[in-house]
Amino acid sequence: MKFKLEEKFAQSYNHNAVATYFAPGRVNLIGEHIDYNGGLVMPCAITMGTWLALSPNMEGKTRFKSLNFEAYGEMEANQIQVKNQGFWFNYPIGIINEFLKDGHQIPALDMLYYGNVPIGSGLSSSASIEIVTAFALNDFLSLGYDKLQLVKMAKRVENEFIGVNSGIMDQYAVAFGEKDKAIVLDCDTLKSKLVDMDLGEYVLAIINTNKPRALADSKYNERVQECQTALKLLNKEIALHNLCELTFEKFALHSHLITDETILNRATHVIKENDRVHHAAKALNNGQLELFGRLMYASHESLKDLYEVSGKELDTIVDFCKSYEPVIGARMTGAGFGGCAIALLKKGFEEDFAKQLSDYYFDRIGYYAAIYISEIGNGPIKL
Ligand code: GLA
C-alpha cells in the first residue's frame, strides 16, 4: 500500500512524498456506549486502517487529498481554519488547528490519504484519520506529544470541531492497539490493560450492514444527553461523577428517582453493560470463550431493547448468528444505528457463514452485507 500511495502522491502533487504513516481502525468487543459514562470498554485495533503520505510544499497552503473521496481541501498554513460542512478533510483540519492553538507552527504540507476501513460503518474510520494525522505531524515535525496527548487532542476535534459528543474509546483503541491483544480501558482513569486475544479455534468476523447511517450523530448526542439526565437525577441522593460508578444493586436503591421509562432504560443498559465488561475480561483471560460469546449476545439485546441503538439490519445479522451453530456470540459494535456487527465464528466455517448469512440478509433487507474476517493489528506507525 505504501508504494502505491507514494506513486499516487507523485502523480497528484508533482513531487515525491517524504514520509508515509499508517493508523488502524478498531472494533469494540464489548462495552458499548460506556466510554462517555466513565466505565470499562474492550476494543482492539484491526489491520484495516488509514495511510497518509505527506511532504512540505512551497505553496503557503496545506492541501488535503484522498484516494477515497473526490472532494479535496486546503487551508492557509499557520491559520486556524473553520469547519467546512460535511467534508472528510475536517478531521485533519481539526487536528492541525489543535497544534496551532497549542502554539506550534505547521508548515504548508501536501497530504494524501487512503483508507480501507469502510467509511461510517462503526469501525472508526474518523478516529483512524484523526490519529494518523496527529501521529504523523507529531513525528514529522518533532512536536513532542505523547500518545495519550494525541488521543485527547483527537477527541477534542471530534467533540468541539466536528460536533459529536463521543467518548475516548475510538481514539484510544486506534492509538494504543497491539497485535492480537484486546485493550481493557477504564474510561474514567484512562488506565488500560492488554489482554491476549487468544481465540483458539475461533475467528472474529466483522459484518457490515452497509446501511447508510442517516442522523447517527444527532441520535448519538441524544443518548449522551439522556445519560447526563439520569446522572443528574441520581445526584439528588448520591454524589456521582458518572453512571458507571454504580453497581446494579446500588442503582436499584436510587432508581426511583428516574421516573421516565426511557431514561431508566438507558441507565440500566449502561450499568449492566459495564458489569458485563468486567465478566468478559475475566472470561477472555480464562479462555472461557463460550461465556464471552454469551455476554456478547446479552450486550446486543440490551443495546437493542434498552438503549435502542440497534436496528433491523443489525438485529437480522445477530438473529442469523444465533441460529448458526458455529457462531458462539455476536453483537453490534460501535455507535450502532447501522454500521457493523461482530461474531465469534468457528474456524473452517468462514465461507459457509458468509454464503448463508449473505442470502439470509439479502432476503430480509434487500441488499447485501459485507463480511470480513478480521485480524487484530497494531497502533500507528511510520512506514
Ligand atoms: C462511537 C463513539 C465512541 C463510543 C461508541 C459506542 O464509536 O465514537 O466514543 O461511545 O460509539 O460505544
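Counting convention: from 1, in listed order, for ligands and their atoms alike. Reckoned from all heavy atoms, side chains included, excluding hydrogens, waters and symmetry mates.
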> Any idea which protein heavy atom is nearest atom 1 (C) of ligand 1, and the distance to it?
Replying inline: D170 OD2, 3.6 Å
> What do you reckon, does E273 put a non-hydrogen atom under 4.0 Å from ligand 1?
Replying inline: no
> Among all protein non-hydrogen atoms, which one is nearest to atom 10 (O) of ligand 1, and what is the separation to 0.1 Å?
Replying inline: Y220 OH, 2.6 Å
>> Tell me the contacting part of R26 for ligand 1: side chain, backbone, both, or neither, using a 4.0 Å heavy-atom threshold, strictly below.
In response: side chain
> With a cut-off of 4.0 Å, which atoms of ligand 1 are near a heavy atom of S166?
Replying inline: 2 (C), 8 (O), 9 (O)
> Are Y324 and F353 close enough that their ring centers fall under 6.0 Å?
Replying inline: yes
> Which of the numbered atoms in ligand 1 are below 4.0 angstrom from a heavy atom of Y36?
Replying inline: 10 (O)
>> Please state which option from K155, E32, M332 has its nearest heavy atom closest to atom 12 (O) of ligand 1.
In response: E32
> What atoms of ligand 1 come within less than 4.0 Å of a heavy atom belonging to G167?
Replying inline: 9 (O)
>> Give me the residue, atom name and distance of the protein heavy atom closest to atom 9 (O) of ligand 1.
In response: D35 OD2, 2.5 Å
>> Could you walk me through whether L291 and H279 satisfy the side-chain contact (heavy atoms from CB on, under 4.5 Å) test, starting with their C-alpha distance in whole Å, then the side-chain angles of each, then the deciding distance to 0.1 Å, before giving a yes or no?
In response: CA-CA 9 Å; L291 173 59; H279 289 292; 5.8 Å; no
>> Among all the protein's non-hydrogen atoms, which is closest to atom 5 (C) of ligand 1, and how far away is it?
In response: M169 CE, 3.8 Å
>> With rounding to the nearest 0.5 angstrom, report the CG to CG distance, N274 to N37.
In response: 8.5 Å
>> Quick check: F87 with F69 (ring centres under 6.0 Å apart)?
In response: no
> For the residue pair F9 and H15, is the inter-centroid distance of their aromatic rings smaller than 6.0 Å?
Replying inline: yes
>> Can you confirm if the aromatic rings of Y113 and Y91 lie within a centre distance of less than 6.0 Å?
In response: no
> Do Y145 and I168 share a hydrophobic cluster (ILVMFWY, side-chain heavy atoms under 4.5 Å, transitive)?
Replying inline: yes
